[in-house]
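Letters A, B, ... mirror the listed sequences (proteins, then strands); counts begin at 1.
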2 protein chains.
Amino acid sequence: MSAAGTGQVAANGILERTVEAIRTHGGRVTPSRLAVIAAIVDSEGHVSAEEIFERIQASSPDIHLSTVYRTLEALEKLGVVEHVHLGHGRAIYHLEENLHQHLVCESCGTIIEAPHDLTERLEMELEARLGFFTRAHHFSIIGLCRECHRREQGGGSTSPD
Amino acid sequence: MSAAGTGQVAANGILERTVEAIRTHGGRVTPSRLAVIAAIVDSEGHVSAEEIFERIQASSPDIHLSTVYRTLEALEKLGVVEHVHLGHGRAIYHLEENLHQHLVCESCGTIIEAPHDLTERLEMELEARLGFFTRAHHFSIIGLCRECHRREQGGGSTSPD
DNA sequence: ATCCCTGCAAAATATTTGCACTGAT
DNA sequence: ATCAGTGCAAATATTTTGCAGGGAT
């Protein structure tokens with residue numbers, strides 16, 4: 001898909017709103033930032049800083065990894081993206097708009113997106129009983145997907161993570 | 001009744017069972033391992049590898065940090081401890097027995113232990129509807145504790161994690 | 001012209017690993 | 001006597017930061 005510019009879909013509105021948000025906050029709209037935002041919007045999923053970096057490299061080889069990190073930090077401060085730690089290693093970034101829970105299989109690494117209604121009740125209870133306000137979009141649940149669960153039942157010691 | 005004449009508390013059973021588990025698996029019971037196990041049992045909470053290391057330093061200054069990591073890895077393989085990633089930075093370790101959910105405040109870092117019953121229903125639903133088996137003890141929920149939530153409501157800086 | 005953003009390198013943080021030696025069994 | 005475990009140093013992996021120059025406004 002050609003991104004930035006033609007058949008604008010809903011997603012592209014994000015790019016425009018982001019650009020405006022940057023300006024509103026006295027920031028500067030640079031090629032690097034546009035590239036990072038485009039990469040995230042384009043991926044429409046969960047991408048690590050390094051994955052974003054790699055995507056960008058194809059078209060803009062001079063954008064440095066540290067710039068990606070700094071841009072992500074800036075975007076997070078603007079509320080455009082949010083990062084989540086999915087266990088070991090890298091954090092992944094996704095659009096703040098894209099509200100959902102991440103279920104991470106600790107065996108194969110698969111990420112399942114659970115509909116929000118599944119966790120809504122839990123969130124309300126946590127709030128009512130413990131005064132804890134869940135940041136839904138920053139909340140990942142670790143466990144085993146169907147296949148890995150079956151495999152481990154059968155008995156084999158895997159245990160990565 | 002059970003325990004031999006010494007004033008054994010429930011927690012001490014863990015140490016003994018662990019020692020036995022190590023032997024059963026052809027491992028060796030060394031001062032380093034005993035120290036690490038003792039430190040975890042003693043802390044009865046959430047400790048990072050480095051915190052365990054520091055606790056041990058007092059009495060056994062020659063135990064190296066890498067030994068702590070390797071011991072923790074071994075203990076995890078034996079099913080004695082489990083580690084959880086609570087967001088940025090360090091992982092924390094706790095006894096496998098000590099089953100509970102960790103609620104982590106992303107602002108102040110406070111860890112709240114939620115009773116298991118709160119999340120039981122969610123776990124059942126995830127299993128029934130998505131075929132996802134939550135590893136309860138490896139599951140942390142990120143959000144804001146009461147105080148930080150109120151403070152952020154009042155307006156102010158965004159922040160850490 | 002300002003000063004935010006960037007490239008680059010080096011630091012910081014967290015964890016792992018190669019190697020030779022020591023100690024538990 | 002064996003070989004798992006350890007100390008130590010160096011390597012990894014991920015993210016952050018200091019500095020000086022460049023580009024957006």
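- Along DNA chain C, the nucleotide closest to B:R23 and the one closest to B:A49 are compared, and the more 5′ of them pairs with B:A49.
- Atom CD1 in B:I56 sits 10.5 Å away from atom CG in B:D42 (nearest 0.5 Å).
- Between the OG atom of B:S32 and the NE2 atom of B:H64 there is a distance of 11.5 Å, given to the nearest 0.5 Å.
- Considering CD of B:E54 and OG of B:S48, their distance stands at 7.0 Å, rounded to 0.5 Å.
- To the nearest 0.5 Å, atoms CG (A:L15) and CG (A:L34) are separated by 6.5 Å.
- Of the inter-residue distances, the one linking A:R129 atom CZ with B:L118 atom CG reads 4.0 Å to the nearest 0.5 angstrom.
- Atom C1' of nucleotide D:dA13 and atom OH of A:Y69 are separated by 9 Å, given to the nearest angstrom.
- The nearest whole Å value for the distance from the CD atom in B:E51 to the P atom in C:dA14 is 11 Å.
- D:dT14 atom P lies 15 Å from atom NE2 of A:H83, rounded to whole Å.
- Whole-Å rounding puts the A:E73 CD to C:dC4 P distance at 15 Å.
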Protein heavy-atom contacts under 4.0 Å, written 5' to 3' over nucleotides 4-11 of chain D as B (base), S (sugar-phosphate only) or - (none), form the string BSBBB---
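- Within a 6.0 Å sphere centred on CD of A:Q57, other residues, nucleotides and ligands contribute more than 12 heavy atoms.
- The backbone N or O of B:G27 lies less than 3.5 Å from no partner atom in the side chain of B:H25, so there is not a single donor-acceptor pair.
- In this structure, the helix from C:dA1-D:dT25 to C:dT25-D:dA1 shows an angle of 30° between the axis at its start and the axis at its end, each fitted on 5 base pairs and rounded to 10°.
- Taking the six-membered ring where tryptophan is involved, the planes of B:H149 and A:F133 are essentially parallel, since the angle between them stays under 30° and well short of 60°.
- Between B:L72 atom CG and C:dA14 atom P the separation is 15 Å, expressed in whole Å.
- Between B:F53 atom CZ and C:dT16 atom P there is a gap of 16 Å when expressed in whole angstrom units.
- Rounded to whole angstrom, the span from the CD atom of B:E50 across to the P atom of C:dT16 amounts to 14 Å.
- A straight line from CD1 of A:I92 to P of D:dA13 spans 21 Å, rounded to a whole angstrom.
- For the atom pair A:E50 CD and A:R55 CZ, the distance stands at 13.0 Å (nearest 0.5 Å).
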